[in-house]
Every structure is written in structure tokens, then in C-alpha cells.
Protein chains: 2
Amino acid sequence: MTMSTPTPAERALPLRERKKLRTRKALADAALRLFLDRGFQETTLDELVDAVEVSKRTFFRMYESKEDVAMAAELELWDAYVAEVAARELHGPVLDFLRETLVAAITGLGEDWDRRFLATRGLIARTPVLWDRSLLRSITVQARLVNELETKLGVDSRDDVRLRLLGEVSLAAWRCAAKNWISGRGYDGPQGPREKLGHWKGPGGSTQLIRRVEDAFHAIPDSLTLTAP
Amino acid sequence: MTMSTPTPAERALPLRERKKLRTRKALADAALRLFLDRGFQETTLDELVDAVEVSKRTFFRMYESKEDVAMAAELELWDAYVAEVAARELHGPVLDFLRETLVAAITGLGEDWDRRFLATRGLIARTPVLWDRSLLRSITVQARLVNELETKLGVDSRDDVRLRLLGEVSLAAWRCAAKNWISGRGYDGPQGPREKLGHWKGPGGSTQLIRRVEDAFHAIPDSLTLTAP
DNA sequence: ACTACTATGCCACTGAGTGGCACTTCTTGA
DNA sequence: TCAAGAAGTGCCACTCAGTGGCATAGTAGT
């Protein structure tokens, strides 16, 4: 386990918690490295656990499954998203709220996350079981979001359908955005070429990801009226 | 393995195929019975396989996983849906097309399916792993649908986002519909009380399911403009 | 009947995930 | 400062889905 200079936030936590977070992070880092190197299926949990010098039992106290540790970066995003939704005031169109909040969550995660997430999505894209799990997580987070929004709006179960649909649509937009972000490098979205933008965090960076997200959200109304000749 | 009077469609198939389909069905039936009786997690594959007097190896030639055999009825629906989409002419609003086709697929599956599907959804609702798997399948079918629609429409990858979003939204509507169908028995949708309808296949029948589907699809445009005070 | 072919059975094996208990390490309160 | 007590960890045996390989039995075509 490598030592690193603890952030102020870490310092505030009791020693026990800090240690726990450190092995948690060590597991995620080693997992990403091993999986990228040898492949997800090809790497066994025992190998991962040996590399971090932790028992398998401890691993399962940190992560629910082998898939989850590979997608640790994505799980961080979802936690940030839900927290952001809970923290923000809600008024105006809910769909806009969900988009803005998602963008805010991405922005708030920093550059290190940026790199890890890019690598993670690459791994997910070429590993079917991870792809499935990622899909599933994106739907599960929708339930958490809708739950939060219900409290905020105080809706009864009658309006439920609309709210749930809205959650589904938002996460659907996310999935489209994330897919395009990884696969389509040379694509200029409806907002025109990117060179004019000025500062952005390089190819595949979170700035590009955010643009994909906004493109996808903006495409929603049009998609509903899509008509065949 | 119980014998039953073969339908004309079955008679057309070679003997080998018929046998295969029969064990396939026997597995699905026994699985549903056992899982409903003892619970999904509590029943092992070996027990199921023993009950049908088939080897475990054979089981995995029929179904991909333990989850899949429990959701056999749902898989039938998805196959029917995709087939229906492939068979129909496409013109007019694509969202309407997807709704109508889904309704047609449900209608075409018959009363036996009706009963099995109701039981299946009940099982899914109280079994987390099945719930997850069902969610996943509903997203996977979306990929198949979009694929089919792409061929029909001849769209380039630029329009892809809209088409994919449309697929996502449709399946999202389905998930809402299916959830409400199982959980909310006493709920009168926006189309008014049901007693006036005349013929329908009883509580939880596919006629009710279809109404849920139509309600959910109709709620889509409204949900997008949902606004907080 | 003879030959493809293909579905099935059998069996050993992998590997994720769990339960239980002993052990170590941190926290807390007197 | 030191003794509980709590929380985290390691070890080990176990369950059970899912797979690979090969022998066998039943089916289709000639």
C-alpha cells in the first residue's frame, strides 16, 4: 500500500476510516491496472487481492463484486450526482435541473478522476460483463434520484410515472453520451467544431464528456418526434 | 416431462427440434414452479435439473443463466417484440410505431403466456437479482430494436443519438408500465375506470398490461416539461 | 443398414462470493 | 495511562453457478 500526502478532508477522519479508504483506493487502482493489463476475465480476484496484500474477505467488505471495483470511478460519479441533486435547490424545468446537476457533478470530481474514468470507460467498452453492470448501475442510480426528487417535489404516486420517466430519460441521455464519448473521437456535435473552445482538458477529457452530455440532453425533444417517411 | 398435444407449428419441425423445445419448456415451467414455491435463491440449479431429469450441462445449452430460465416468459415477449418490429412497415412517428408494435407483440402471445408472465413478474418483483436481470434485458432489447430500425430508416450515425434515445425512452415506458402493473392494482389511469371496458382478461391480465403501457407512453411528452415551482 | 450429425450425460474443474471465528488495531472513557 | 469494547482484518472451509472435454445415444440422410 503506497502512502500519499493526505488531503485536509482525509485528516478530519479518524485513523481507522483513513486506513479503510486507503485500501479501498489501493484496490481500485490495482484493479484498474491489472484489468487493463491482462483483461478483466483473465484476472482472478485472488491475484488482485494478492497484489494489494489484502484478504479476499476484506475485498468484499469494500466492494460488492469484482465488477464494482473495476467501475470504482463510475460509482464515484453516481455518488457525487446523487449528493449534488440532494444539495441543490430545485426550481424550473426538472429535466434542465437533472442535466445541470449532472454536469456539476462531473466538474466537481477533479483531474485525477478524469484520467481514471477515461481508462475505466475504455475497459467497460471492451468487457461485456462490465458493460452490463455499468448499464445496471445507471438504472439503479435513477431510482435514487427519483427518490430524492420525490421528497423535494412532494409528489404523490399519481405523478410518479412522469417523474420516473424523467429519471429514465436523463440516464438514457447519459448512456448515449458516455457511449459516444468513448467510441466517437472525430465527431463534431451540433454545437460546431471544438477548436474554438479555448481551455479544455484534452481529448477524452471531462470537458468533452460534458459536451456529449449536453448534446444528448438537447437531442431528447427532437428524438420523440422522429418520424419515418 | 409431460406430453401435450402438439400445435401445427410444432408438427412442422423435425423431431429433434420438437424434443428440444419440449425440454426447454419443461425447464421453464419447473423453474417457475420451484422458484415461486421455495424462492429463487433458495432453489439450486441441481434441484431444478433433477426435477426435470436433465443434466446441468443440457440446462446451459437451453438457457444462458439461472436468471434467464426464471424470466422465460419475458424473453418470449422480447423475441416477439423484435420479430414484430422487423415484420411491420414503418411510417409515421417512430414512437407511436414502437408503442403499437409492443402492444401487438403482447396481444399476440396468448392466454397461457398471460398467466405465466403474471407469475413471472411477481417473482421478479420480490427477487432483487431477477429484478436486475430483467432491467438489463430490457436495455439489451433496446439495442436490438434500434439496430432493426436503423436498417429500416437507413440513418447514418449522426441521427443515431435520436434513434437510440427513442429506444431508451420506449423501454423506459415499458419498465414503468410493468412496475405499475404488478404493484398498483387499485389505480385508475388517466383513461378512467376500467369497469366500462367490457371484455378484458381479468385482473393483471394482458389487457390491463396494455393499458399501463399506453398510459406510460402517453405520459412521455408531459414528463419532459415537468417543472418545479 | 451405414454413416453424418447433433443433442445429451457425466465428471472434474474454476472462480466468485459467503459464514464463522480468531486475531489485531484503533478508540474511548475512567 | 490503561483497560475494556468496538471495529477491521485474516484465514479457511464451504456453496454453487457456470465451463470444458469427451463418451454415448438418438436422429437424419443415403
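A note on names: the letters A, B, ... follow the listed sequences, proteins ahead of strands, and every chain is numbered from 1.
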* Structure fact -> When rounded to whole Å, the CD to P distance for the pair A:E17 and D:dA6 reads 16 Å
* Choosing from D:dA17, C:dG19, D:dG20, which nucleotide comes nearest the side chain of B:R57? -> D:dG20
* Examine C:dG9: is either OP1 or OP2 under 4.0 Å from a nitrogen or oxygen in the side chain of B:S55? Give yes or no. => yes
* Asked: Atom CE of B:M62 to atom C1' of D:dG18: distance rounded to whole Å?
  -> 16 Å
* Asked: Where the side chain of A:K56 is concerned, which of C:dT8, C:dG17, D:dG21 is the nearest nucleotide?
  -> C:dG17
* Asked: Going through the checks in order, is the ring-ring contact (aromatic ring centres under 6.0 Å, His included) test met by B:Y81 and B:W174?
  -> CA-CA 12 Å; B:Y81 191 15; B:W174 158 260; 8.4 Å; no
* Proximal nucleotide (of D:dC16, C:dG15, D:dG8) relative to the B:T44 side chain -> D:dC16
* To do: Could you please name the partner base of C:dG20, counting Watson-Crick and G-U wobble pairs only when both distances are under 3.5 Å?
  => D:dC11
* List the steps, then state whether salt bridge (charged side-chain N to carboxylate O under 4.0 Å, His left out) holds for A:R137 with A:D68. => CA-CA 9 Å; A:R137 284 290 178 196; A:D68 274 6; 2.5 Å; yes
* Parallel, tilted or perpendicular for B:W181 and B:F117, by the 30°/60° rule? -> parallel
* To do: Give the rounded distance in Å between these two atoms: CG of A:L27 and P of C:dG17.
  => 14 Å
* To do: Please work out whether the ring planes of A:F59 and A:Y63 are parallel, tilted or perpendicular, with thresholds of 30° and 60°.
  => tilted
* Would you kindly give the NZ-to-C1' distance between B:K66 and D:dC16, to the nearest whole Å? => 8 Å
* How many Å lie between CG on A:L45 and P on C:dT14, as a whole number? -> 16 Å
* To do: Give none if D:dT27 has no partner; otherwise give the nucleotide forming a Watson-Crick or G-U wobble pair with it, both distances under 3.5 Å.
  => none
* In whole angstrom, give the distance that lies between atom CZ of A:R22 and atom P of C:dC26. => 10 Å
* Structure fact -> Base orientation of D:dA25, chi within 90° of 0 counted as syn, else anti, reads anti
* Asked: Could you give the CZ-to-C1' distance, from A:F35 to C:dG15, as a whole number of Å?
  -> 13 Å
* Presence of donor-acceptor pair under 3.5 Å, side chain of A:R16 and base of D:dA6 -> yes
* Could you please spell out the steps behind the salt bridge (charged side-chain N to carboxylate O under 4.0 Å, His left out) verdict for B:E84 and B:R88? => CA-CA 6 Å; B:E84 193 73 36; B:R88 283 201 174 202; 3.3 Å; yes
* To do: Ignoring backbone atoms, establish whether B:K19 has a side-chain N or O less than 4.0 Å from OP1 or OP2 of D:dT27.
  => yes
* Base of D:dG8 paired with side chain of A:R61 (donor-acceptor, under 3.5 Å) -> no
* Asked: Given atom CG of B:L21 and atom C1' of C:dA7, what is their separation to the nearest angstrom?
  -> 13 Å
